[in-house]
S.K.: 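Encoded as structure tokens, here's the structure I'll be asking about.
For the single chain, residues carry numbers from 1 onward in sequence order. Below, all heavy atoms of this structure are taken into account, side chains as well, without hydrogens, waters or symmetry copies.
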Amino acid sequence: MTVRQNILITGASSGLGVEMARQFAAKGRNLALCARRIERVDELAGQLRRDNPGIRVVTRQLDVTDHDAVFAVFRDFRAELGRIDRVIANAGLGKGQPLGTGYFERANKQTLETNVLGLLAQCEAAMEIFLDQRDGHLVVLASVLAERGAPRTLTAYAASKAFAASLAEGIRLHHGRGPVKVTTLKPGYIESEMTARAPKSPLIVSTEKGVREMVAVIEREPATAFVPRWPWAVLARLVRMAPDWLLRKVM
């Protein structure tokens, strides 16, 4: 297993991003952390340095919808750490309302700008670095919702995650067995700020448990993975085969 020492995580101010930072720090990895809410990122960085002496943690403020800033921040991180071994494109937005109900500007557009164009900028900036280094690992956070379209408030979000899965697959196909690895993660219900706004599900797992499996999968560097694997690898197959009337009822 290749040890990726310098790890860049976007969206590192809450939820999955924070917990991934904690768990990678505990493994002795250096971290480049960024998010819009820089005060949260800086607070996290201080905790990580205290709990894990010897690691380096560098931070920047970043809104991934500012595409020029994405490239500038990624390049700054590389200059500061010397190289970037892994980029985890975690920044995302979970807003959404049924289409045609007047929420284009306030919800659906914002979600697509962040999860589609913002993700594209992150992947472009990461690949620029990796191709220059001739080495690296790109991790794209998609979702089990990438498997099918979704009704009601999930329509725009699910579409954005389908884009994420397709984008990551396309990058991976282009580079084949080359030195740059690409992993698509498709999380199920893991506790985070995003899931806190959704109805409670008996399938949800704690942030710590869910991220522990995410980190283990990321370290193996597979092409794609559902996390937690059980039950989502099985449920994803059922979702792909489910009739429309059933999806309307359960989603």
Side-chain angles (χ1 to χ4, degrees), residues 1-94 114-115 118-119 121-123 125-126 129-130 133 136-141 183 185 187 190-197 204-219 227:
M1 181 179 70
T2 302
V3 174
R4 309 285 186 181
Q5 185 62 31
N6 297 338
I7 301 176
L8 192 164
I9 304 174
T10 65
S13 62
S14 66
L16 304 183
V18 167
E19 186 59 29
M20 279 190 286
R22 287 178 177 144
Q23 294 195 22
F24 278 117
K27 291 176 175 289
R29 310 299 172 82
N30 300 322
L31 297 170
L33 306 178
C34 53
R36 290 182 295 111
R37 296 173 291 191
I38 188 60
E39 67 285 348
R40 289 192 180 190
V41 179
D42 286 340
E43 181 180 359
L44 172 64
Q47 294 171 353
L48 296 177
R49 294 184 191 106
R50 289 192 296 272
D51 294 343
N52 306 276
I55 70 167
R56 295 188 64 191
V57 185
V58 295
T59 66
R60 293 288 189 282
Q61 184 172 29
L62 179 63
D63 181 342
V64 297
T65 64
D66 183 344
H67 306 140
D68 290 341
V70 173
F71 285 87
V73 166
F74 279 36
R75 290 166 185 163
D76 284 350
F77 279 145
R78 183 190 184 189
E80 193 161 356
L81 292 177
R83 61 180 286 119
I84 298 295
D85 300 306
R86 173 179 288 143
V87 171
I88 303 177
N90 169 70
L93 198 60
T114 301
N115 296 0
L119 175 63
Q122 293 171 72
C123 291
I129 291 170
F130 293 156
Q133 294 177 167
H137 181 210
L138 173 63
V139 181
V140 173
L141 269 288
T183 295
L185 283 189
I190 300 173
E191 285 183 352
S192 66
E193 283 191 3
M194 199 174 296
T195 59
R197 296 191 294 269
I204 198 165
V205 299
S206 69
T207 307
E208 182 178 358
K209 180 179 179 181
V211 171
R212 188 183 309 120
E213 184 161 343
M214 288 174 63
V215 167
V217 168
I218 289 170
E219 294 278 69
V227 286

S.K.: Could you list the residues that satisfy side chain to side chain contact (heavy atoms under 4.5 Å, CB included) with Asp63, not counting sequence neighbours?
M.R.: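 Side chain to side chain contact (heavy atoms under 4.5 Å, CB included) check on Asp63 returns Arg36, Thr65.
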
S.K.: Given side chains that start at C-beta, do those of Ile190 and Leu16 come closer than 4.5 Å, heavy atoms only?
M.R.: yes

S.K.: Indicate the atoms forming the closest heavy-atom contact of Val58 with Glu80, along with that distance.
M.R.: CG1-OE2, 3.2 Å

S.K.: Locate the shortest heavy-atom distance separating Pro187 from Leu141; write the atom from each residue and the value.
M.R.: CG-CD1, 3.6 Å

S.K.: Taking all heavy atoms of Leu138 and all of Cys123, pick out the closest pair and write down the distance.
M.R.: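 Of all heavy-atom pairs spanning Leu138 and Cys123, the closest is CD2-SG, 4.0 Å.
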
S.K.: Between Glu208 and Arg212, does any NZ, NE, NH1 or NH2 come within less than 4.0 Å of an OD or OE carboxylate oxygen?
M.R.: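 A salt bridge links Arg212 with Glu208.
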
S.K.: If you measure from CD1 on Ile88 to CG on Leu8, what distance do you get to the nearest 0.5 Å?
M.R.: 9.0 Å

S.K.: Given side chains that start at C-beta, do those of Ser13 and Val18 come closer than 4.5 Å, heavy atoms only?
M.R.: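 No; the side chains remain at least 4.5 Å from each other.
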
S.K.: Which donor-acceptor pairs under 3.5 Å do side chains of residues 24-35 form with protein atoms, sequence neighbours excluded?
M.R.:
| from | atom 1 | to | atom 2 | distance (Å) |
| --- | --- | --- | --- | --- |
| Arg29 | NH1 | Arg4 | O | 3.1 |
| Arg29 | NH1 | Glu219 | OE1 | 3.3 |
| Arg29 | NH1 | Glu219 | OE2 | 3.4 |
| Arg29 | NH2 | Glu219 | OE2 | 2.5 |
| Asn30 | OD1 | Arg56 | N | 2.9 |
| Asn30 | ND2 | Asn6 | OD1 | 3.0 |

S.K.: Only counting residues at least two apart or in another chain, list the ones meeting side chain to side chain donor-acceptor pair (under 3.5 Å) with Thr114.
M.R.: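 Not a single residue meets the side chain to side chain donor-acceptor pair (under 3.5 Å) criterion with Thr114.
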
S.K.: Just so I know, are the side chains of Gln133 and Arg78 near enough to count as touching, which here means a heavy-atom distance under 4.5 Å?
M.R.: yes

S.K.: Passes salt bridge (charged side-chain N to carboxylate O under 4.0 Å, His left out), Arg83 versus Asp85? Steps please.
M.R.: CA-CA 6 Å; Arg83 61 180 286 119; Asp85 300 306; 2.5 Å; yes

S.K.: Given Val139, which of Leu185, Val217, Asn90 fulfils the side-chain contact (heavy atoms from CB on, under 4.5 Å) condition?
M.R.: Leu185

S.K.: Are any non-hydrogen side-chain atoms of Ile204 and Glu191 less than 4.5 angstrom apart?
M.R.: yes

S.K.: Counting C-beta onward and ignoring hydrogens, is there a side-chain heavy-atom pair between Ile84 and Phe130 closer than 4.5 Å?
M.R.: yes

S.K.: Taking C-beta and beyond as the side chain, do Thr183 and Val140 meet within less than 4.5 Å on heavy atoms?
M.R.: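 Heavy-atom side-chain distance check fails, nothing below 4.5 Å.
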
S.K.: Under a 4.5 Å cut-off applied to non-hydrogen side-chain atoms, are Ile218 and His137 in contact?
M.R.: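 A side-chain contact under 4.5 Å exists here.
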
S.K.: Please enumerate all residues that pass side chain to side chain donor-acceptor pair (under 3.5 Å) together with Arg75, with sequence neighbours excluded.
M.R.: Glu128

S.K.: Testing the basics here: between Gln122 and Phe74, what is the closest heavy-atom pair and its distance to 0.1 Å?
M.R.: O-CE2, 3.5 Å

S.K.: Apply side-chain contact (heavy atoms from CB on, under 4.5 Å) to Ile129 and Phe71, showing your working.
M.R.: CA-CA 10 Å; Ile129 291 170; Phe71 285 87; over 6 Å; no

S.K.: What side-chain donor-acceptor pairs closer than 3.5 Å can you find for residues 41-49, not counting sequence neighbours?
M.R.:
| from | atom 1 | to | atom 2 | distance (Å) |
| --- | --- | --- | --- | --- |
| Asp42 | OD1 | Thr59 | OG1 | 2.7 |
| Arg49 | NE | Val57 | O | 3.4 |
| Arg49 | NH2 | Val57 | O | 2.5 |

S.K.: Report yes if some heavy atom in the side chain of Asp51 is under 4.5 Å from a heavy atom in the side chain of Arg22; otherwise report no.
M.R.: no

S.K.: Closest heavy-atom contact between Ala125 and Val70?
M.R.: CB-CG1, 4.0 Å

S.K.: For Asp66, which residues count as a side chain to side chain contact (heavy atoms under 4.5 Å, CB included) partner, sequence neighbours excluded?
M.R.: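 With neighbours one apart ignored, the set is Asp68, Ala69.
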
